[in-house]
Amino acid sequence: MADDIPARSTATVQEQAAEAEDEREAERSFRAAPKLNKSPLHGLWALTNRDLVKWYKNPIQLIISLVQPVVWLGLFGKAFNIGALFSSQPGVTTAEVNAVNLATFGTTSYFSYLGAGMLAFIILFTAAFSGMSVVWDRRFGFTNKALSTPVGRGAIVTSKILQSVVRSLIQAAIVLAIAVILGMDTASFTVLSVAGSFVILFLMAFGLSSLFVMLALRSSDWQTQMAVINLLNLPLLFASNAMLPVKIMPGWLQSVIRFNPVSYAVDGVRQMLLGSASATGYAVLAPLWVDFSVLVGFAALLGILGIVLSWRLLSR
Amino acid sequence: MSQQPLVKVEGLSKSFGALKAVDGVSFEIKEGEVFGFLGPNGAGKTTTISMLTTLLKPSGGRAEIAGLDIHKHPNEVRRVVGVVPQEYTADEDLTGLQNILLCADLYGIPRSNSRPHAMELLKLVELQDAANRKVSTYSGGMRRRLELASGLINYPRLLFLDEPTLGLDVQTRTAVWSYIRMLKEEYKMTLFLTTHYLEEADSLCDRIAIVDHGHIVKIGSPDELKASIGGDIIVVGVAEAEPDISEDIKNIPLVREVKKSGREYRIKSEVGEESSIKVIDLVRSKGLHVTRIALTKPSLDEAYLEFTGRSIREEEAGKMDAFKQRVTMMRARR
């Protein structure tokens with residue numbers, strides 16, 4: 001009996017030692033900081049991906065955002081059948097109507113004309129709402145959480161711009177596909193013209209997203225942000241050539257339109273997708289190279305301004 | 001091994017316009033210590049955390065964490081600290097695991113490390129079964145635990161907890177407390193927590209700073225704070241407001257201090273049990289009548305009252321704080 005006692009206590013001592021070792025092990029594994037990936041792109045991608053995952057995991061959001069341009073295309077575009085409007089008049093031949101359409105819109109089909117405008121429309125609206133997620137993140141403390149990590153201040157802003165650009169380009173591609181299914185004229189489509197159009201749309205998306213993200217950064221109030229969106233969205237759309245050619249508008253409106261970057265995007269996309277560059281000057285706002293230059297300038301200016309300004313705002 | 005403090009704060013201040021939210025606070029936190037900021041809403045607790053976690057630039061003073069100046073090396077500071085903010089910041093549309101992995105990505109921790117570590121942390125806060133569920137399905141307590149786990153993903157040497165149990169039910173509060181104790185005891189982690197719950201500060205903290213109007217009014221261990229009041233407190237109600245017998249009470253042995261307010265005497269005594277009987281005898285011998293007598297052993301509540309001049313329960317929540325609290329509680333309830 002007496003022999004048992006030292007044996008048991010030895011076992012206890014061993015057990016205790018093992019336990020202590022386990023504990024140290026736990027502490028070590030907890031503290032074993034890994035080799036870090038300090039590339040600024042790592043954090044940028046993580047933040048962008050977060051927003052994109054939220055978006056594609058929630059198809060309702062995607063569908064709702066597509067409803068508006070598709071309704072415009074399908075209902076307004078189809079109902080506003082200018083060709084039929086004139087050719088139904090006595091004594092007007094289809095050839096005459098086509099000539100008028102071609103001169104006014106640069107294409108015989110108003111539906112195709114509007115289709116190009118709708119690509120800009122979806123980019124504009126997606127970009128406008130990119131500011132909302134900035135406001136939500138701020139409101140619910142995610143922005144502060146991200147700011148308390150070493151991720152680049154620039155990455156926090158750039159990710160918001162980038163996710164909006166990716167989303168709007170994907171949505172534009174879907175709208176284009178629907179437009180083609182509904183009867184958009186594809187005669188002038190080439191790989192180059194489609195790719196070129198998306199470069200233009202990219203520049204516009206980048207510039208507009210920067211603008212709206214910048215406007216949203218200081219506000220934590222979504223009502224204000226909604227008001228800003230509504231204040232800018234419709235004027236940017238209507239004071240452009242998205243739905244009607246510039247040259248049928250009054251002079252003062254024409255001047256406004258020439259300051260609206262959306263007009264240059266629509267103009268560029270039309271010239272490439274519909275081949276309307278070769279048409280009469282009536283349908284065209286500016287030469288293609290001017291469209292490109294204006295948009296590159298717009299995207300660069302607002303992108304830099306947005307990132308610099310918000311970097312300063314975020315690192316208070 | 002030098003015993004350099006992990007956190008060194010000197011005269012840290014922050015003003016918002018004319019409002020001095022934090023007005024020259026100085027303190028040190030040793031490695032492995034649980035340090036608490038105790039004070040009412042609007043005392044400057046969250047502002048101090050925001051400055052130490054580099055979210056706000058101080059208007060004055062300086063602070064070092066692990067030898068790194070928060071102003072000169074903000075990014076290095078961010079790497080050594082973890083933050084559990086007051087609000088629920090997790091993205092509701094992502095799962096618990098995705099949320100933690102996102103945090104890890106922001107620290108640049110490769111997935112090969114962050115994935116097992118995130119699972120380990122989720123297990124620590126008993127969320128492993130909910131790891132792949134969307135956060136929108138989590139209860140308030142689960143969200144709080146998730147915030148705790150995300151705050152630990154970067155292997156912090158110092159963890160900031162801003163009002164960790166605000167708006168939680170008693171059960172969840174107890175659970176959060178046990179995690180905090182575990183972090184301290186098993187992982188030897190240094191913790192900085194803010195709270196306006198006295199019992200929380202009392203039971204968790206090694207040292208407490210009582211803050212009020214942006215100032216630290218007193219720093220010490222809970223026991224030191226209690227002891228510094230100077231003994232037990234006897235409150236005696238007397239039917240007659242006059243005459244004032246304070247001087248006579250003061251002559252009773254062991255009594256240190258007497259304060260009279262209306263018909264009540266607030267008496268401090270080294271041994272309350274002995275003095276209270278003598279006080280009753282004295283009152284009666286003067287021909288007065290005792291209406292009420294209460295003997296309280298010093299609690300943190302008493303200490304708080306002593307140093308700030310008012311009870312913490314009297315504090316009314318500021319407008320913004322009240323809103324934040326409502327949002328947090330609203331989300332906690334679901």
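Just so it is clear: chains get the letters A, B, ... in the order the sequence lines come, proteins before strands, and each one is counted from 1.
- At most 12 heavy atoms of other shown residues, nucleotides or ligands fall within 6.0 angstrom of atom NZ in B:Lys20.
- In this structure, the portions of B:Leu106 lying under 4.5 Å from any heavy atom of chain A include both its backbone and its side chain.
- Side chains of B:Thr190 and B:Glu33: no donor on one and acceptor on the other come within 3.5 Å.
- In this structure, A:Arg167 forms no cation-pi arrangement with A:Phe129, as its terminal cationic atom is not both closer than 6.0 Å to the ring centre and no more than 45° off the ring axis.
- Taking 4.0 Å as the cut-off between side-chain N and carboxylate O, B:Glu147 and A:Lys145 count as a salt-bridged pair.
- Looking only at heavy-atom pairs under 4.5 Å with chain A, the residue among B:Thr53, B:Val81, B:Asp91 that has the most is B:Asp91.
- Of the atoms belonging to B:Gln98, it is side-chain heavy atoms, and not backbone ones, that fall under 4.5 Å from chain A.
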